[in-house]
Every structure is written in structure tokens, then in C-alpha cells.
Amino acid sequence: RNAGELLETIKGDHYLHDMTRTKGHISCINTTCWHPRQKETFLTGGDDGTVRMWSVNGQGKKHTEVIKVRQRQARRLPVISLLCSGDGKHLVAGCQDGSLQLYPLGGPYVRPALIREGAHTAGFVSCALMKCDGHSLLSRGGDDAVRLWDIR
């Protein structure tokens with residue numbers, strides 16, 4: 001069978017500094033994942049330091065939520081990997097600086113519930129998986145290590 005494109009997300013305006021005001025990502029999208037409970041919702045994470053939630057019904061014309069992922073110094077932090085827990089409670093962002101940031105999936109998205117800086121010492125977190133129990137997290141990073149975390 002031939003695959004057909006169903007939608008394409010819109011590109012944001014790179015002249016705007018407030019990432020919540022742009023319609024989409026202003027730079028490379030590194031990762032995507034489906035929302036585990038809302039079957040019409042998917043998430044994207046990119047080099048612009050944002051995680052965006054999109055609705056398939058919206059045809060990718062406007063995001064529904066924006067999470068600004070930041071370092072402690074309030075600088076943008078590129079998102080390399082995303083994970084939504086199976087129970088729909090947590091969103092984990094693996095970042096370019098080697099940190100893991102955990103957000104409650106229902107919001108608010110002002111500040112992460114948990115930040116594990118230096119989760120991987122040689123840079124980025126390339127992959128994250130969560131066990132069905134909702135509190136065991138596996139991560140893989142640029143330091144050639146796989147680590148198991150208890151996020152309770």
C-alpha cells in the first residue's frame with residue numbers, strides 16, 4: 001500500500017521571541033509521540049526548546065498547548081526525546097544537556113515536577129522508556145549508558 005500524508009504541522013515565526021505566540025516550532029523537530037489517553041493528540045519536541053501538543057482534528061494548523069523547556073538559567077533547552085507514560089500522568093523530556101525533565105501531563109506546564117540534571121554526563125538523552133508501574137524510567141544518553149530511575 002502507498003502511504004498518504006494526512007496533515008503537516010505549521011512552522012512558527014522565528015522573529016517572535018515568546019514561543020507560546022508562534023503557531024508552531026521555529027526550528028528542527030527532533031521527536032514525536034502520541035498522547036496515551038487522548039487518541040487524537042500527539043506531541044512534538046524540538047531544538048527551539050518547546051514541546052507542543054497538536055490535535056489531529058486541527059489539521060496541524062495550531063498547537064493546543066506549549067511547554068517551554070528551560071535550563072535553570074532560564075535559557076532554551078533543545079528537546080531530543082519525549083515520552084508519555086502509559087497511564088497518561090507524566091511527560092518526560094530528554095534534553096540536549098543530558099537532563100530529564102518530568103511534567104504532569106494534565107498541566108500546569110509552568111515548571112517541571114522533577115528535573116534530573118546530569119542524568120547523562122556526555123550530553124543528550126536520546127531515548128526514554130517508562131515501565132507500566134508508572135515510576136520506573138529507563139534512559140539512554142550520549143555517554144553510552146542506560147540508566148534506570150525511580151521517579152517517585
Side-chain angles (χ1 to χ4, degrees), residues 6-10 12 18-143 145-152:
L6 298 177
L7 69 86
E8 179 181 346
T9 60
I10 193 166
D18 184 1
M19 292 294 104
T20 59
R21 298 194 185 276
T22 66
K23 294 179 182 177
H25 288 281
I26 62 166
S27 59
C28 176
I29 296 173
N30 296 321
T31 182
T32 61
C33 69
W34 287 101
H35 192 289
R37 299 288 182 208
Q38 300 171 9
K39 300 301 180 191
E40 300 82 28
T41 302
F42 66 98
L43 295 90
T44 58
D47 279 350
D48 60 0
T50 63
V51 173
R52 295 176 188 267
M53 292 184 199
W54 306 83
S55 173
V56 172
N57 299 331
Q59 297 298 311
K61 301 297 181 202
K62 180 93 170 72
H63 57 262
T64 57
E65 294 282 347
V66 177
I67 302 169
K68 293 193 261 184
V69 180
R70 304 266 188 217
Q71 293 175 324
R72 290 215 189 265
Q73 300 85 7
R75 286 183 280 168
R76 288 183 197 166
L77 187 57
V79 178
I80 304 300
S81 62
L82 280 179
L83 164 74
C84 291
S85 64
D87 59 6
K89 293 182 181 177
H90 304 291
L91 167 68
V92 180
C95 303
Q96 189 177 37
D97 69 344
S99 68
L100 291 166
Q101 298 194 16
L102 179 89
Y103 294 86
L105 203 49
Y109 304 113
V110 177
R111 162 175 301 146
L114 174 74
I115 298 177
R116 179 63 174 115
E117 292 178 337
H120 290 276
T121 56
F124 62 93
V125 175
S126 63
C127 181
L129 298 170
M130 189 168 289
K131 196 173 173 183
C132 295
D133 62 10
H135 58 79
S136 298
L137 174 71
L138 275 175
S139 66
R140 180 185 74 202
D143 54 2
V146 174
R147 294 197 168 92
L148 178 63
W149 306 96
D150 186 348
I151 59 171
R152 288 182 278 189

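Residue numbers start at 1 and run along the sequence shown.
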Provide the closest heavy-atom pair for [X] versus [Y] in the form atom of the first, atom of the second, distance.
X: Leu137; Y: Leu83; answer: CD1-CD2, 3.5 Å
X: Gly86; Y: Pro36; answer: O-CB, 3.8 Å
X: Gly12; Y: Ile26; answer: C-CG2, 3.8 Å
X: Val125; Y: Ser99; answer: CG2-O, 3.6 Å
X: Thr121; Y: Asp143; answer: N-OD2, 3.1 Å

(request) Taking the side chain as every heavy atom from C-beta outward, state whether Leu138 and Ser136 have any pair of such atoms under 4.5 Å apart. (result) no

(request) With the side chain counted from C-beta on, respond yes when Val69 and Leu77 share a heavy-atom pair under 4.5 Å apart, and no when they do not. (result) yes

(request) Scan for side-chain hydrogen bond (donor to acceptor under 3.5 Å, both in side chains) pairs involving residues 100-112, sequence neighbours excluded, and state none if there are none. (result) Gln101-Tyr103

(message) Can you tell me how the ring of Phe42 sits relative to the ring of Trp34, calling it parallel under 30°, perpendicular over 60° and tilted otherwise?
(response) perpendicular

(message) Regarding Ser139 and His120, do their side chains bring together a donor and an acceptor under 3.5 Å, going by distance alone?
(response) yes

Kindly compute the distance separating [atom1] ([X]) from [atom2] ([Y]), expressed to the nearest 0.5 Å.
X: Ile10; Y: Leu7; atom1: CD1; atom2: CG; answer: 12.0 Å
X: Ile151; Y: Leu100; atom1: CD1; atom2: CG; answer: 9.5 Å
X: Leu82; Y: Thr44; atom1: CG; atom2: OG1; answer: 7.5 Å
X: Ile67; Y: Leu105; atom1: CD1; atom2: CG; answer: 7.5 Å
X: Leu43; Y: Trp54; atom1: CG; atom2: CH2; answer: 11.0 Å
X: Glu65; Y: Arg52; atom1: CD; atom2: CZ; answer: 11.5 Å

(message) So, using side-chain contact (heavy atoms from CB on, under 4.5 Å) as the criterion, who are the partners of Arg70 when residues are at least two apart?
(response) Lys68, Arg76

Check residues 87-94 and write down every donor-acceptor pair under 3.5 Å in which the side-chain atom is one partner and the other belongs to a residue at least two apart or another chain.
| unit_1 | atom_1 | unit_2 | atom_2 | d |
| --- | --- | --- | --- | --- |
| Asp87 | OD1 | Ser85 | OG | 2.5 |
| Asp87 | OD1 | Lys89 | N | 3.0 |

(request) Test Asn30 against Val79 for side chain to side chain contact (heavy atoms under 4.5 Å, CB included), laying out the working first. (result) CA-CA 7 Å; Asn30 296 321; Val79 178; 5.7 Å; no

(request) Could you tell me whether a side-chain N or O of His35 sits under 3.5 Å from a main-chain N or O of Arg37, the two making a donor and an acceptor? (result) yes

